[in-house]
Amino acid sequence: MPTITIDGKELTVEKGKTIIQAADEAGIDIPRYCYHPGLSIVGQCRICLVEVEKMPKLQVACYTPVMDGMVVHTQSERARKGRKDVLEFLLVNHPIDCPVCDQAGECFLQDYYMKFGLYDSKMLEDKNKKSKAVPIGKHIVLDSERCILCTRCIRFCDEVSKTNELGIFHRGDHAELLPYPGKTVDNPYSVNVVDICPVGALTEKDFRFRTRVWYLDETNSVCTGCSTGCNIEVHTNKKREYKNEGRRVTRLKPRFNKDVNEYWICDEGRYSFTYVDAADRLGVVMKRVKGELQESTWAEVMPEVLTALQSAKENNKRIAVLGSPKMTNEDLFALKKFASQTLGVSQMPVTVLPKEKPFSDDFLIREDKNPNTKGAGYLGYDTDHKATRKLLDDCASGGVELLIIFHHDLEAGFETELVKSALSGAKTVVFVGSNANTTSARATYILPSCTYVEKEGTFTNFAGRVQKINRAIEPLGDSLPEWTIIRNLSRKIGKALAYFEAEDVFKDLTKNTAAFSGMSYSAIGDGGLVAEENGKLKQGDAKAAAQKTETATA
Amino acid sequence: MNVHDKYKPLTWWEKTYLPAIISGVLLTFGHFRRNMVNHIKKAIGMKPKVSGAVTFQYPEVRRPFWPRLRTLHRLVRREDGSPRCVGCMMCETVCPAHCIYIVAEERPENQIEKQPRIFDIDLGKCIFCGYCVEACPEDAIRMDTGIVEISAYTRNDMMIRRDQLLSLEPKKEYYTERPDLEGKPVL
Amino acid sequence: MADFIVGAVEYLSKFIFFIIAVLVISPVLTWVERKQSAVMQDRIGANRAEILGLRMLGLFHALADSLKLFTKEYFVPKGADRLIFHLAPCISIFFAVMGFAVIPHADTLIISGQPVEMQIVNLNIGLLYFFAVLGMAVYGVVLGAWASNNNYALLGGLRASAQMISYEVSIGISLVGIILVYQSVDLMEITRAQGDLLFGFLPKWGIFLQPLAFFIFMAAGIAETKRIPFDAPEGESEIVGYFIEYSGMGFGMYFLTDFLETILIACLTVTFFLGGWQAPFIDGWILQTFSDSTFLGIFQLNNFILTIVQFLAFVFKVCLVIFMMMTIRWTLPRFRYDQIMNLGWKMLLPLSLFNIVVTAIIVYFIG
Amino acid sequence: MSKNGKILTPLIENDCNLLENYKKFKGYEAAKKALKMSQDEVIEEVQKSNLRGLGGAGFPTGRKWAFIPKNSQKPVYLVINCDESEPGTFKDKYIVSSATHVLIEGIIIASYAIGAHTCYIYIRGEYVEPARRIEAAIKEAYDAGILGKKVLGTDFNLDVYVHRGAGAYICGEETALLNSLEGKKGWPRMKPPFPAIEGLFRCPTIVNNVETIAYVPPIIQNGPKWFADMGTERSGGMRFYGISGNVNKPGIYELPVGTPLREMIYEHAGGIPGGKALKCVVPGGVSAPPLRPDEIDVPMDPDALAKIGTMIGSAGIIVMDEDTNLVEMLMASIRFYHHESCAQCTPCREGTGWLDKILQRMLSGGARERDIDDLYEIGDSIFGNTICPLGDSAGMVAKGYIDKFRGEFEAYLSKSIAAKSANSPELKKAS
Amino acid sequence: MSFELTKESKLVIDELLTRYPNKRAAALPVLHVVQKQHGYIPAEAEPLVAEILEVPPVKIREVLMFYTLFLQKEIGKNHLQVCRSVSCWLRGADRIIKQINEKLGIHDGETTSDKQFTLTEVECLGDCEHAPMMQLNDDYIGDLTAEKVDEIIGKKGQ
């Protein structure tokens, strides 16, 4: 393990690491354009120049491996001058069109200009003209003039998505980043190139001109597009809502988690937030009056639902509950507790498999498009598709009086006939969900629930990693988190659940479910913890969890 | 620590405030006396050397605008009549009163990709600080219309919209010298 | 019975005369304030309101103002205590008006051989009455502020009460010197006592006998009216005050109170320190020059003329004091709140105590 | 060995691209001799000869060979760099087209020494005829049993291939050449690892210049001391000097290392046409900073030139007479770099283009007061901040001309500005 | 327009592929072969070459556009590549270029309308001793003078 000194700070670094990696670990900021920790190192942008003692030239921090006894200066006169020069060169042909550039605010050129540049331009000459605002894919717009040829996107397409769409053509200052003629950047991970583009050369069509990035609020969350559970940041525009135009989530950005998604996210997941403000979003409580669904209120509907529950219970008619793997661990636990303690329901299926097998690959996109199937399994739900079919069969044969369905669009997974007969078989159908579908259209009561950006909770991904979601925006209309709806029901019937926050549910959950024992919100933190079927945390994780809890409480 | 510590401490006599009050009152009273005499002189038909007041009789007499005066905003147009504004939202960002509302849109022409679809200024909130003019990288917003009488019956009417802003013209007649003060005050 | 009727007529006529006078003078004062400040500041001042082309130097503005205030919506904020909200301005103006009851305007007028005190009520404890009334004024402010259900108003009200209570102490103690010197708490008596001459040429006015008390009284008095430089409670343009939620005549009453208090303080200043209705040097001359023959059947000529002169002297002095107070208002900037408190408690209060001690010693030795 | 002590010139003059001609000069005797020696001995001999790389960088050849890891599991490659694109350099063309067999013999010796069984000759794409000749010579050698399996009857196998470039100066840089050889863009690689450790196809690779390899057979033949004695203390032997520009007899001259520059210009190259005065000399290809007339007494060896702030490079001497406009000269040089910059590193990619634009503007009458300083500063900023030396060269050239001939530049500038203000009355009035 | 490799070209390419340990390395020689067959390298050839070399087509295009000798569009029968670099410039390359400009009416990168000549200004061709010089198709012609240029154009233009 070589020991090196960066800016007077002594560090012991793993052999084979480069200076910039060592500096990153120590929290010393060295500027970079071409270097990206998730990609190979090319060392061509030259902005990361640092002064290394006993080396005649400035060295690129991203490529120079650490050697024992190395003394590095990142802020020396020479290093700053070198960086400033490189920056000046980068801006020679870069259009200064920050006003129309969506990258402004998160642009490395701007940041480093303010940090190291601040020179008066010597440039009098005309800038080279290249193609501007060319759509190069379903989601991406390319502005070649702004490109600084750092090749991050090219390396992404070569190394991560392995689709090789992009290349740098010509040479010298006429070199231009372009996709291969006739090819578009439409791989399942394409928009990541926008994230890694340090300047505004690659921008997102969907986000284009929507707002300026400095208006955005960020909330850490987890993608619900599939069971991978990629870590994301939800960007919302709370201070200037008129810019939202009916769409409260501005964009999703991947968040680094070395155990799950590293730096990336698939396009499907990136645009999976659209259902939050989709046209079919349920925002009001509804009930069926004379065969028509009408808007209602919680105050009106809750007693009616309670009465239905009560009468079904007293008449010893069956109550059936179909949970959903789209619900958080908290929702599922509260539901399970309520259903088994108060309603006496024992069989609780959750899974509805779609008729067609969805797209999946071996990187991030998984076949199971639900974020929490694993968690439902841990919590004692029956994750078998057949169990759901059995429940529907029961309903169809009239063995169920009251059916509570969460989220599911049953027609997506079952024959329309079966669904129809099942839903008409039950006297009362309560649909709890965030978006309308064919099932909700046939329900007796519709109780609107929050989407994942409107509530707190945890999801358990396919590998058993429990990860936290946070509330980014206020719930739409009357919608409530599912656990709140269940708790409100439980207050009037049977044993009341004494939950006030999602965290209360989780505390109860960790006490009662072996797989989650020892966890807490503070221990889960941003990275998540792995739950194990046999009930114990992994050795390393348990220690980490204990430490995290300690530091959190301290 | 009090900011006044850096000044020299007041003497006992000064601490009573009396000298300051007296000198202040003498000054204002001096003005009162001088102006009153002039007013009376005028009232009884004598012609005073100077007028007792320096006020302009608005709205009959209007005070000329100084070039630096900040009046109602306008959006500058390009030669083809489209807004010069590119919707960068710098003004919106810098506005201390949060009175500018911009929503951008794609501009059909590719070279300048962006333009504002909505550009509203809430004059009810605006404090006429002129930061938006300073911040604009395109010199697209200016406060030189010479319109100072801004009033409306409802809050909504205080919103000035993009097309209104674009339709405004700069006021050209500026006075660069101090205008004549020998106006005729009406008592 | 007849005595009672005569007494009732006497009080009633005095009261009506006085009420009309005060309520007319207050709007006029608003005009005075505008015009005076305009002249001081090289402006013209309000001059736009006109009736049939007549502008009257802007005098109609007072009329326009009151019309406006009368016709404006009287808005009661959500959550306000409605009763107190309505009551508070009334309390405020009520006590301001009440204060005038004991102000002597002239010496006794003899009508049909019947002496009539030129004072609405001749209380032998007039000074204490005045303290009591003044002390009640703060209720109007505090209740209005509290009833508005507005934090800013409440804060303004708190500032106002703190300030008024602080300065009332100084006012009270500064007047103890006057009591010591004139040996009375009856305002008529105090005024009469100021008729003598000191050293043969100087009227025995409070300002000469109690110069320190005069300054203290003036400062504290201005503070009592909550006017610049002591306008921390309301501060029209910058810090919203206790009547922020009031509109229409509710605001109008507070506004009127302001001016009534100004007049009141001016009247008191004149009564205590400037010889009240005394018109020195010419009163004797009038008595000697005019005979005591009957005039208009019921008046005694010299007494009548003297009373008129005394009344005019009183009015003249009050105007002078008001003019001074307004000059100060348009000259000085506002005190900071801590400065107001410092001045009240650390300057005026010790000074007024010191004044009592010195006065007492002098009175003890001189007799 | 022949008259005048020249080594390769006689071979070139006698068309040694044909095996029969080369045989007359004891062809392939040295290879046979070397193949009998051990690998280390060969390297030792070359090291002793003080043979330094003649392509530009001047790194001692023997030492380079010694870097090859012994007993490497991976195959070792020898790559001959014949991508001769530096303006003012044209020596390799002669060697590959007319002394081809001595090159092949050198390849055999070098390959044997480093344990390579495959050799690629990377020849620039424009050299169509030389490429054809060398292909023919290789075929001849294969047919004669000199190449292929069992070289010259020994157990040593060697395949030699010609690989044509396609027009990129940057591919003369060894790592860019390797990338180009691998079928990629000619973008230089970051070092370390050096090619000797990880080069072509990630295997140990030696990249040598044509001329360097061509001198190996005579060294083996005549012993290292003979060669070392001809040159200076630290760089042995002879080398080709290509003289071009304003001289009477432009061409290549094989002379001992350390021959004074003046002698070359005025004696070997026959002086300047029309008896004009000398203004400026570029001693080592366009990348070398220029020399003033008072500096040309310098001996042409790497160390002496380095001492006065320039370099011998590929020894392409360009002579300029008194009529030359140095601003235009600098423009021509910078235009070259602008055209050839590979677009990898920022300073070189943008800097060369910027320099070119400034110079073009200066020459089209738009000169400004500060242009000279700008040029110098930009050159300085490019220098030392790039992966490969192309950026350094561009920076060095811009700096070099301005350092040495600032007066010339200033004179041009004032003349140009005066002309401009004379042409525009407004400007005249304003100033 | 589709592009097919001729049988001869295929044979040459097969031989070329044996020279290198991986196929990609043969990119330059293969492209040379394509260019020799077709006169230039059409866009349609890129996927074909990419397939032979087992690399993504974009990499072939990158290579193609990086090297100046690979042509992407059809050029005239006679490709005049006039050196403009330092040594040639010193001895009057400008004059030669200007002469061709005037004589044929074409500038850098342009082709005459009769598809006879294409002029390209190139950097050093390594024939500095014969400056000023040009490359006419594969051949170097040095020591150019105005008369010599006229002669070349006249001879080839017929």
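Below, chains carry the letters A, B, ... as their sequence lines are ordered, and counting in each starts from 1.
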If you count the non-hydrogen atoms of other residues, nucleotides and ligands that lie under 6.0 Å from CD in B:E134, is the total more than 12?
-> no
From B:I102 atom CD1 to A:R212 atom CZ, the distance as rounded to the nearest 0.5 Å | 9.5 Å
Provide the closest heavy-atom pair for B:C88 versus A:P99 in the form atom of the first, atom of the second, distance.
-> CB-O, 3.0 Å
Around atom CZ of B:R78, are there more than 12 heavy atoms of other residues, nucleotides or ligands at under 6.0 Å?
-> yes
Structural part of B:E105 lying under 4.5 Å from a heavy atom of chain A = backbone
Mark yes when over 12 heavy atoms from residues, nucleotides or ligands other than B:D139 sit less than 6.0 Å from its CG; otherwise mark no.
-> yes
For B:Y58, does the OH atom have more than 12 heavy-atom neighbours from other residues, nucleotides or ligands under 6.0 Å away?
-> yes
Region of B:M90 that comes under 4.5 Å of a non-hydrogen atom in chain A = side chain
In sequence, state the C-alpha distance, the side-chain angles, and the governing distance for A:Y242 and B:D120, and then conclude on side chain to side chain contact (heavy atoms under 4.5 Å, CB included).
-> CA-CA 11 Å; A:Y242 52 90; B:D120 294 350; over 6 Å; no
Once you round to the nearest 0.5 Å, how far does CD of B:E138 lie from CG of A:D97?
-> 9.5 Å
What distance do A:T203 atom OG1 and B:E113 atom CD have between them, rounded to the nearest 0.5 Å?
-> 7.5 Å
Spatial distance of atom CZ (A:F209) from atom CZ (B:R107) [nearest 0.5 Å] = 11.0 Å
Does atom OH of A:Y113 have more than 12 heavy-atom neighbours from other groups under 6.0 Å away?
-> yes
Check: A:R240 side chain, B:E92 main-chain N or O, donor-acceptor pair, under 3.5 Å = yes
Correct closest heavy-atom pair for B:M89 and A:T211 would be CE-CA, 4.3 Å
Evaluate whether atom CG of B:D80 has more than 12 neighbouring non-hydrogen atoms of other residues, nucleotides or ligands under 6.0 angstrom away.
-> yes
Could you go step by step and tell me if A:K205 and B:E106 meet the side chain to side chain contact (heavy atoms under 4.5 Å, CB included) rule?
-> CA-CA 11 Å; A:K205 255 188 208 166; B:E106 196 95 21; over 6 Å; no
